[in-house]
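Below: one structure, written as structure tokens.
Heavy-atom basis, side chains included; hydrogens, waters and symmetry copies ignored.
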Amino acid sequence: MHQHLKFSEQKISCISKYSPLDLFSESRDRIHQAIEGLFETPQNNLRIFLNGSLVFGGLGGYAEQELCDGPIINSLTRELEDTLENVISCQSGERVENFKDLVTETLLRTRILSQLLEVQMMDMYDIEGAIHAYFNVIQVPCHVCTHSVSKAGNLNQSEKIEINPDEPIEIDMQEKNSDLHFPYSTTESLSKEPMEKHTQGIFSYLHSPKNECSHLHSLSIEESRRIVRDYLLATTAKDCSLMLTFQPVDHYSTEVNALNGNDVIYMSSSKQAFQYKARFIDLDLKRLKKMIHYYELDQNIVNCYTRTHEGITLENYKDAKLYVL
């Protein structure tokens with residue numbers, strides 16, 4: 001959906017063919033299809049480096065608009081084919097396809113996207129619900145529904161706290177923040193929270209008449225902070241980048257030997273083994289003061305999409321983003 005807003009604002013020259021739903025599907029065919037989409041319209045979602053030098057993709061700015069142009073992409077792909085000559089051992093014309101297969105197999109082997117998805121799904125209310133909890137936390141009347149702080153049943157004087165909007169919302173969660181190291185400890189520590197409380201809250205919100213916000217404004221500050229914290233953690237996970245690195249391994253000459261090694265994938269098509277690493281970067285926790293920005297952006301995205309796609313069910317187009325380097 002965000003793509004349509006960017007297109008209307010002329011920030012991109014075409015709608016991306018990359019589908020995050022395919023990338024996160026855990027299906028080999030659909031993941032490969034998502035990789036194909038990234039190659040066809042890389043925009044700022046795909047960058048490939050060789051020995052530290054950019055060999056495919058963009059670095060931001062207006063030049064990224066050219067990465068929607070078919071002839072330019074075809075030219076870049078041919079250049080990448082030649083660049084991979086000393087990396088992937090196969091016939092000319094097959095190296096890029098083998099590289100796509102290598103990326104697909106790595107994503108399947110590591111299940112790293114499933115771990116990322118767990119953190120993204122911590123947001124049970126989306127910004128349209130979390131924004132009400134945000135105004136509970138900063139203890140001012142809600143700008144969205146004009147709900148007064150004095151009317152919120154559980155926001156009493158004894159609960160007032162000092163919030164610095166320039167800092168991440170880290171109060172009472174120092175231990176959890178110290179565990180925010182994707183891809184391993186994050187989902188292990190955060191998934192221990194009882195999901196029943198999340199589910200009960202979102203069920204009450206979505207099924208109240210006309211999506212009234214009274215339920216959210218009746219929550220305590222502690223519960224409101226949890227909702228906002230989970231939203232900011234999920235948003236951080238949606239906006240991070242995934243970096244995959246590959247190194248050919250000479251001494252793994254067979255698939256059996258490769259399977260005995262940790263973090264090694266054997267590609268039968270090129271009869272090569274690659275040692276890989278998968279790490280998330282850009283993990284700075286989103287700031288509390290950006291909540292209003294996220295809400296306004298969400299409204300602009302929905303309004304733009306509604307204008308251009310009347311009659312299409314919006315629930316089928318949840319936004320998700322992942323950078324693959």
Side-chain angles (χ1 to χ4, degrees), residues 1-2 20 24 115-140 142-145 147 149 152 154-155 161 163-177 179-180 182 186-187 189-206 208 211-241 280 282-302 314-315 317-322:
M1 289 172 61
H2 199 178
F24 284 84
Q115 298 171 32
L116 180 66
L117 186 61
E118 286 188 46
V119 184
Q120 293 181 356
M121 292 179 65
M122 288 182 64
D123 171 27
M124 302 297 293
Y125 289 86
D126 202 5
I127 186 60
E128 292 184 338
I131 190 65
H132 301 288
Y134 163 75
F135 284 109
N136 290 351
V137 170
I138 64 174
Q139 300 173 45
V140 299
C142 181
H143 295 178
V144 176
C145 65
H147 199 287
V149 174
N154 291 334
L155 298 184
I161 56 176
I163 295 292
N164 181 0
D166 291 326
E167 296 297 329
I169 186 164
E170 296 176 344
I171 301 174
D172 293 342
M173 57 174 298
Q174 296 299 327
E175 293 184 2
K176 290 188 182 298
N177 277 348
D179 284 339
L180 196 60
F182 291 69
T186 307
T187 53
S189 61
L190 296 179
S191 61
K192 293 178 182 178
E193 290 197 10
M195 292 303 295
E196 291 81 1
K197 293 178 65 178
H198 295 272
T199 306
Q200 182 179 3
I202 189 61
F203 183 86
S204 300
Y205 172 69
L206 290 178
S208 57
N211 283 350
E212 292 178 355
C213 56
S214 58
H215 164 71
L216 288 167
H217 286 297
S218 68
L219 298 176
S220 67
I221 287 186
E222 189 61 35
E223 291 173 307
S224 298
R225 285 162 58 200
R226 176 183 57 76
I227 292 172
V228 175
R229 180 207 66 194
D230 289 352
Y231 172 80
L232 292 175
L233 281 170
T235 302
T236 300
K238 293 174 183 178
D239 200 34
C240 71
S241 300
F280 290 106
D282 302 330
L283 291 175
D284 293 338
L285 195 61
K286 300 301 182 183
R287 303 274 173 173
L288 181 65
K289 67 179 181 180
K290 296 199 69 174
M291 288 292 291
I292 293 179
H293 163 75
Y294 292 136
Y295 178 78
E296 292 175 345
L297 176 62
D298 180 79
Q299 294 302 295
N300 289 337
I301 291 172
V302 172
L314 297 181
E315 286 77 2
Y317 291 87
K318 284 292 183 183
D319 198 17
K321 181 170 68 173
L322 180 69

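Minimum heavy-atom separation, Ala237 to Gln120: O-NE2, 3.3 Å. Counting all heavy atoms, side chain and backbone alike, Ile221 lies closest to Asn136 at CG1-O, 4.1 Å. Taking all atoms of both residues into account, the shortest heavy-atom contact from Ser224 to Leu219 is OG-CB, 3.9 Å. Closest of all the heavy-atom pairs between Gly129 and Leu216 is O-CD1, 3.3 Å. Contact between Cys145 and Cys213 at its shortest, heavy atoms only, is SG-SG, 2.8 Å.
Separating the NE2 atom in His293 from the NZ atom in Lys286 is a distance of 9.0 Å, to the nearest 0.5 Å. Atom OG1 of Thr236 sits about 11.0 Å away from atom CG of Asp123, to the nearest 0.5 Å. Rounded to the nearest 0.5 angstrom, Thr235 OG1 and Leu285 CG are separated by 9.5 Å. Going from atom CD1 of Ile127 over to atom CD1 of Ile301 covers 11.0 Å, rounded to the nearest 0.5 Å. The line from CG of Asp126 to OH of Tyr294 is 13.0 Å long, rounded to the nearest 0.5 Å. Separation of atoms CG (Leu283) and CG (Asp239) is listed at 10.5 Å; rounding is to 0.5 Å.
Taking the six-membered ring for Trp and thresholds of 30 and 60 degrees, Phe135 and His143 have ring planes inclined between 30 and 60 degrees apart.
Side chains of Asp298 and Glu128 form a contact here, defined as non-hydrogen atoms less than 4.5 Å apart. Side-chain atoms of Asp230 and Tyr125, non-hydrogen and from C-beta on, never get closer than 4.5 Å to each other. Taking 4.5 Å as the limit, some side-chain heavy atom of Met291 sits within range of a side-chain heavy atom of Tyr231.
No salt bridge links Glu223 with Arg226; every basic N to acidic carboxylate O contact stays at or beyond 4.0 Å.
With sequence neighbours left out, the side-chain hydrogen bond (donor to acceptor under 3.5 Å, both in side chains) criterion links Glu296 to no other residue.
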